[in-house]
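Okay, so here's the structure we're looking at.
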Amino acid sequence: MMDTPTYLHGLNERQKEAVLQTEGAVLIVAGAGAGKTKTLTHRILNLIHQGIAPSEILAITFTNKAAHEMRERMEKLLQNDQTLNLPIYSTARPLLSTFHSLGVYILRENAAIVGLSRNFTIFDKSDSKRAIKEALESCNIDPKQFDPGKLQNIISRQKGDGVTPSSFKEKMGKEYLQSIVGRVWEAYESILKREKSLDFDDLLLKTLSLLRENDAVRAHYQDKWKYVHIDEYQDTNKVQYLISKILAEKSRNICVVGDVDQNIYSWRGADIQNMLSFEEDYPEAKVILLEENYRSSQNILSLANTVIKKNKFRKEKNLFTNNPVGEKIGLFEGYDEADEAYFVANKIKSLISSGAKAEEIAILYRANFQSRIIEEALLHYEVPYHVLGTRFYERKEIKDALSYIRAALNPESLSDIKRIINVPVRGIGKVTIVKMFAGQEAALPAATRAKIQNFRNLLAEIAVNVSTKKPSEIFAELIKKTGMEASLEDGTDEGTERIENIKELVTLATKYDDMPLPTGIEKMLEEAALASDQDSLIKKQTNSVKVMTVHAAKGLEFDYVFITGLEENLFPHKRMGETNKSEQDNEEERRLFYVAITRARKKLFLCYASIRMIFGSKQMNIPSEFLSDVDDSLVEQEAWQGGEERPFKTISF
């Protein structure tokens, strides 16, 4: 019998089975903390050991953070494997990407076919919202009557379902809102076309259209990637599902990894049926369960298993671990939301005093409004914390700097030009901008035309830098030559912070300095546009408690987790005015609770309040239905420690 290859050591039997099943369709049902990334990367390594060229392997995941982690792990595996023929594989690597980055990759390679330039602009959410507002105005519709953000979400969801403006008009009914969406959508598409730009959803929808309609392009990528891997398959929407299916259509070598029990993004278009129906799409599929959890104590997993078993729309599995049984789950009933919040903050202070690391503690909540009182309590006890909030790339000064590069590369990107033409102030007013865009520039005064020409000269200079200098050099020069740095030096703390932010952009750009020109700057712009919510956990604040929604916590793990607001209508959540939820909605709330539970490694705290002030109204609450699933043997009641007097007054009637 041959010895087991070294690179398979450390894998459990189910992981090893998934790694060795290289041919055909494979469905890996991976429970929380079951080592799915380890399994995926070792599977790719095994394919390379079997003689598959790295360039023939594709792996797609959802967030930049997850893709980055997978690339880092893959790189270590390849570099540390002494049995590989490194001279051959030293430069070739599998493509490990997000869905959106894959779309950018395919569209850039085929830009001419789809009527774009290689340097097409990617609209982020705020760019799209501004364009929707412009589209409303062009249709003589008051943006105050129809919220641009709401229309943007409707259009985005339709695109995620594979719907185009023309197909939407064909299927839409006679409802007034639908007719408004149809008109605005057409105007919005005209703006995108005019500016030679794509929004997030176009990166996938245009890619799908290209693969569907162009036989040569489709055949090229089917032959290029003979082994396709999709991570977090339960979160795919219709377009992502169809792209995956097309790419694997010829080889039938598709390996998908996911957990139906962690499907919590239906509101973004994620379709749980994509995973539940995988065996219908691929009757020959091998199904492998990864049920051994390496993260949590057995008590935490026992609760998770009990909670999720009530759901019907799932693949049956049962998490277990070789970790210790662990501490019991703490249960705290507060009088009101202040009682709950101050208990949590007081408990965290005690944990930190006992040696727990602040960065290994998380407070989770279902609705954003819950954070205010939690922050108040943390401040009272002087507990360092960080709320998952405004992303680095969403800060004004960062968006301004990126817009300069985008406008230099794509002078027809009117959204970027509008954003920066007066940053810093150049004395170019709104009327002047309107005349510029209307082709009436010749009618402007000579002094004004000179200002516009100086601005264009600046963009031209930046464009030259893009093709001749490293990304970090480009940004270092840009923030000075544009006058951004000088304009922010106003002596205020805010000004100082904003200068530090744009200087951090220069530091960030060094990551791309070793790439060929202009690939580095292109990649930086792409990743900036595609940055996810989880990318916003600020690394400098590693020694702080993390405060976030349960949705934002997916993919993260902590030693100590506090789940707050476990009350009916809050968690499970019920929006104001909502009557009855569908069974699928109810199951998603339960999956969300399951995700929250499985973030914890050592100790889990479940908290709720009898009275809560919501939108200015005091409400008497009953405990969440989820708490009825908690076995008494797993739980211990929590109380204020040391008889300390509570440092606030509870609400009285």
Note: [X]-[Y] ion pair, threshold 4.0 Å (strictly below):
| X | Y | answer |
| --- | --- | --- |
| R406 | E412 | no |
| K523 | E526 | yes |
| R93 | E75 | yes |
| R498 | E489 | no |
| R118 | E109 | no |
| E195 | K418 | no |
| K159 | D199 | yes |
| D235 | K554 | yes |
| D416 | R419 | no |
| E72 | K76 | no |

Task: For the student: nearest non-hydrogen atoms of S138 and A135, plus distance - done: OG-O, 2.7 Å
TODO: Please determine which of V114, D202, I113 meets the side chain to side chain contact (heavy atoms under 4.5 Å, CB included) test together with L107.
DONE: V114
Within 6.0 angstrom of [X] [atom1], more than 12 heavy atoms from elsewhere:
| X | atom1 | answer |
| --- | --- | --- |
| K150 | NZ | no |
| K238 | NZ | no |
| K206 | NZ | no |
| K481 | NZ | no |

Are [X] and [Y] side-chain neighbours, meaning at least one heavy-atom pair lies under 4.5 Å?
| X | Y | result |
| --- | --- | --- |
| I122 | L198 | no |
| I230 | Y241 | no |
| T63 | T98 | no |
| L458 | Y404 | yes |
| Y188 | S128 | yes |

Please identify each residue that fulfils ring pair (Phe, Tyr, Trp, His ring centres under 6.0 Å) with [X], with sequence neighbours left out.
| X | value |
| --- | --- |
| F99 | F62 |
| Y221 | W225 |
| Y512 | none |
| H229 | none |

Open item on the list: For D201, give me all partners under side chain to side chain donor-acceptor pair (under 3.5 Å), at least two apart in sequence or on another chain.
Closed with: S156
Open item on the list: Test side-chain hydrogen bond (donor to acceptor under 3.5 Å, both in side chains) on K196 and S413; report intermediate values, then the result.
Closed with: CA-CA 7 Å; K196 291 185 168 54; S413 179; over 6 Å; no
Open item on the list: Please determine whether side-chain hydrogen bond (donor to acceptor under 3.5 Å, both in side chains) holds for the pair Q234 and N274, giving the CA-CA distance in whole Å, both sets of side-chain angles, and the decisive distance to 0.1 Å.
Closed with: CA-CA 7 Å; Q234 79 280 350; N274 293 344; over 6 Å; no
Task: Any residue meeting salt bridge (charged side-chain N to carboxylate O under 4.0 Å, His left out) with R157, in chain and number order, not counting sequence neighbours - done: none
Task: Step-by-step side chain to side chain contact (heavy atoms under 4.5 Å, CB included) determination, D271 to N237 - done: CA-CA 5 Å; D271 189 348; N237 64 21; 6.0 Å; no
TODO: Carefully, step by step, assess N119 and S117 under the rule side-chain hydrogen bond (donor to acceptor under 3.5 Å, both in side chains).
DONE: CA-CA 5 Å; N119 291 315; S117 70; 5.7 Å; no
Open item on the list: Does the Lys NZ or Arg CZ of R426 fall within the cation-pi geometry relative to F455 - under 6.0 Å from the ring centre and within 45° of the axis?
Closed with: no
Open item on the list: Could you measure the distance from the CG atom of N263 to the OG1 atom of T236? Nearest 0.5 Å is fine.
Closed with: 9.0 Å
